[in-house]
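Below you'll find the structure, written out as C-alpha cells, and then a few comments.
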Amino acid sequence: MRREAQLLIGVAAFFGLTDITYWLWGNAQGGATNLDTGFGGVVMLVGTILLGVVPGSYYFWWSRRMKPRPEDRMDATIEDGSGTIASFPDSSVWPFVLGMGLFLTVLSLVFGLWLMWPGLSLVVSAAVGATVESRRGGRV
Amino acid sequence: MTVLAQRPVAVEHPEHHEGPTGILKWLTSTDHKVIGMNYIVTSLVMFFFAGIMALIMRAQLTSPSGAVVSLQQYNELFTMHGSLMLYLFAGPFAFGGLANYIVPLQVGAPDMAFPRLNALSYWLFLSGSITMMLSFMVAGGAAAFGWVAYAPLSEATFSPGSGPDLWILALVLTGFSAIFTGVNLITTIFYLRAPGMTMFRMPLFTWNMLVTAMLILIAFPVLTAAMVLLWCDRHFGTHIYTVQGGGVPVLYQNLFWFFGHPEVYILALPYFGIVTDVIPVMSRKPLFGYKGMVFATMAIAALSTGVWAHHMFTTGVVLLPFFSLLSLLIAVPTGIKFFNWIGTMWRGSITLNTPMLFCIGFLLAFLMGGLTGVMLASPPIDFVTHDTYFVVAHFHQVLMGTAVFAGFAGFYFWYPKFFGRMLSDRLGKLHFWFLFIGFWVTFMPQYKLGLMGMPRRVATYQAGLGWQNLNIASTVGAFIIGFSFVFFLVNLWVSWRKPVPAGDNPWDAHALEWFATSPPVHHNFTRLPPIRSERPVWDFHHPDALTIAHGENGHGKLAGTAVPAGQD
C-alpha cells in the first residue's frame with residue numbers, strides 16, 4: 001500500500017504547490033485570479049488537492065499499520081496469494097436496466113417529462129434488483 | 001449470482017463457467033472482456049461516423065464558395081465531428097475498451113474490481129452516444145457551437161432548440177461513464193494485482209491507465225458541473241455565464257478547459273502506454289528507462305492539469321507567464337518518453353510488422369504535433385495563430401498520432417489476444433502506408449494555410465488568396481486516410497472468414513496478458529508465472545536469458561533466481 005499512498009499524497013503535494021503559486025502570482029500580476037477572471041481555477045485546484053489527500057492519507061495511515069500484501073512484496077510467490085481473491089458478480093441484467101432507466105430519465109428533460117416515470121421506475125427496480133441479487137448470491 | 005473467484009496455483013481445467021449466450025450475453029455480461037469489446041466496437045462505429053463527417057467538410061472546402069453543405073450544416077458537422085472523435089471515440093476506445101480488456105489481464109486479476117459498475121459505465125456510454133446522434137434528428141438540427149460549446153454562443157439565445165440540449169445531456173451521461181470507469185480502474189490496479197506484481201513491476205500500459213484514471217477523476221466532474229450550470233442558464237433563467245445578468249462568460253472557459261486540457265492527456269497517455277508496451281516487444285529488448293517512463297507519465301499528467309488557460313491566451317484575462325511556463329515544461333517529460341522509446345529500439349532486433357509500423361508512425365506524427373504545440377505554448381505565437389488552421393493542424397497531428405496511429409497499433413497488437421486469430425500483416429501494412437501518406441498530405445498544407453491566415457470553422461473563403469490549392473491537397477489527403485480504412489475492414493473480414501490461429505503468445509511478448517489463453521477464459525487465468533520483473537512472461541519463456549531488473553545497475557541475474565525481499 002505504501003506506493004499507492006505515496007502516489008496520492010504526491011498528487012496533493014504537487015497541486016498544493018501549483019495552487020499557491022498560481023494564486024499569489026495572479027494577485028501580483030494585476031489580479032488575474034480575481035473572482036471575475038481566474039478564481040475558478042484556484043477553487044478547482046483545491047478540489048484536486050482534496051482528491052489526492054483524502055484517499056492518500058487514508059492509505060498512508062493503513063500502510064503503516066498493515067503487513068505488506070503479497071502484491072506489495074518483491075519476493076512473493078503466486079502461492080502466497082492463492083485462495084479466494086474476492087467475490088465477483090455473475091451475469092446480471094441490472095446494470096442494463098439501470099443504464100436504460102437513467103437514459104430515459106435524461107431524455108425526459110428534452111422529450112417530455114412523462115418519460116421520467118418509466119425511467120425512474122427502471123432506476124428503482126434496478127436498485128432493488130441488484131441489492132436482492134447481491135444478498136442471494138452471498139457476500140459481495 | 002455471486003461467484004467467488006479463485007486464484008489457482010496450477011490447475012488443468014479452467015474454472016467451469018456457464019453463462020448466457022448471444023444477445024443475452026451482451027445485455028447481461030459483467031465480464032470485463034465482453035464489456036471492453038463492447039466499448040471498442042461502439043467507439044469504432046463512432047470513429048467511422050465522425051470520419052465521414054470530416055470527409056464531407058473536406059469536400060466542402062475544395063472550392064472557395066463550397067456548395068456541398070449549408071453554413072448551418074457545416075457548423076453542425078464540425079461540432080459533431082469534434083464531439084464524436086473526442087468524447088465518444090478517442091477516450092472510450094482507450095480507457096473504456098483497451099484498458100477494460102487489458103488492464104485486469106496485465107495485473108493478473110480475474111476481472112475489474114466492480115464488474116456491475118463496469119457494465120453500467122458501458123450502458124451510460126452507449127446511451128450518451130445515442131443521445132448525441134439523436135440530436136441530428138430533432139428540429140433545428142444538432143449542436144453547432146463547436147466541441148467546446150463556449151458561452152454565450154451555447155446559451156439559449158444563440159443556440160435554441162433541443163439539439164444543443166441533447167449534446168449537453170450526452171456529455172453528462174458519458175462523463176459519468178468515464179468517472180465510473182476511472183474509479184474501477186484505480187481500484188483494480190490498487191487491490192487486484194497478482195502476488196509479486198508490485199507497483200514498479202506493472203507494465204507501462206497499466207501505469208499509464210492508472211495515471212489517466214486519476215486525470216479522469218480530476219477533470220470529468222468539472223465538465224459535468226460546467227454542463228449542469230450551462231443547462232441552468234439555458235432553461236432555468238440563471239445568468240452564470242451571461243454578462244447581462246452579472247455572470248462571467250470566461251468562467252465557462254475556465255471550467256471547460258480545466259476539464260479540456262487534462263482531457264487532451266486522457267486521450268494521449270493511454271496511447272503512450274500502448275506504444276511503450278509494443279516497442280520493447282517488437283525490438284526484443286526490455287524497456288529502456290522503466291522508472292523514467294513512469295515518472296515522465298506522472299509529470300505529464302500533473303503539468304497538464306496546471307495549463308488549462310493556455311487555450312485562453314487571447315481572452316486577455318489569464319496569467320500568461322504561469323500558463324506558458326507550465327505548458328513549455330510539458331515538453332521535458334514528453335522528451336524523456338521520446339528518448340526512452342528510441343533508446344528501447346536502439347540496437348534492438350526490430351521486427352517491422354504492422355503494430356511496430358503504427359508505433360513509428362505515432363512517433364513521427366506526435367513529434368510534429370508536439371513541436372508545434374511547444375510553439376503554441378508561447379503567447380506571442382499563439383496570439384497570431386489562434387483560431388487559424390495552424391491550430392487545427394497541430395491538434396489533429398497530436399490526436400491522430402495518439403488515438404489513430406497508436407490506437408491501431410494497440411488494436412493490431414492485441415487482436416490475437418482478443419480473438420485467438422491473427423490479422424493479415426500485408427493488409428495491415430497497406431492500411432498503415434495509406435494512412436501515413438494521407439496523414440501528412442492532409443495536415444501539412446493546413447499549417448501553411450494557418451500561417452496564411454485561414455481561420456478555422458469557416459465553410460467558405462475568399463477566392464484569390466491562394467488558399468484553394470492547399471485546401472484541395474488537404475482534401476485529397478483526407479480521402480486517402482478514409483480509403484486506408486478499407487484495408488482495415490477487409491482485414492477484419494479476412495480474419496473472420498479465414499482464421500489464422502494465433503496461439504497464446506504470437507509476439508513472444510512480455511506482460512501477463514500473454515500468459516492467458518487467447519481469448520482468455522472466464523476469470524482470465526488458470527495459472528500464473530512467477531512475477532520477478534516487469535517482464536514475467538518473457539522470464540518464464542526464456543529462463544536462460546539474463547534479466548536486468550530496474551535499479552540493479554546492470555548486474556544481470558538469471559530469471560527465477562532469488563530476489564531481494566522487501567517492498568517496492
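Here is the naming used below: chain letters follow the sequence lines, and residue numbers restart at 1 for every chain.
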Which atoms of [X] come close to chain A, meaning under 4.5 Å heavy atom to heavy atom: side chain ones, backbone ones, both, or neither?
X      : answer
B:P529 : backbone
B:L320 : neither
B:V248 : side chain
B:V34  : neither
B:L255 : both
B:V250 : side chain
B:L24  : neither
B:W257 : neither

- Query: Can A:D72 and B:R193 be counted as an ion pair, charged N to O under 4.0 angstrom?
  - Reply: yes

- Are A:E71 and A:R3 close enough for a salt bridge, meaning some N to O gap below 4.0 Å? no

Given heavy-atom pairs under 4.5 angstrom as the criterion, report whether the side chain, backbone, both or neither of [X] touches chain B.
X      : answer
A:F39  : neither
A:F14  : side chain
A:V97  : neither
A:A130 : both

- Message: With heavy-atom distances below 4.5 Å as the criterion, would you say the side chains of A:Q6 and A:F60 are in contact?
- Response: no

- Message: Cation-pi check for A:W62 against A:R64: NZ or CZ below 6.0 Å from the six-membered ring centre and within 45 degrees of the axis, yes or no?
- Response: no

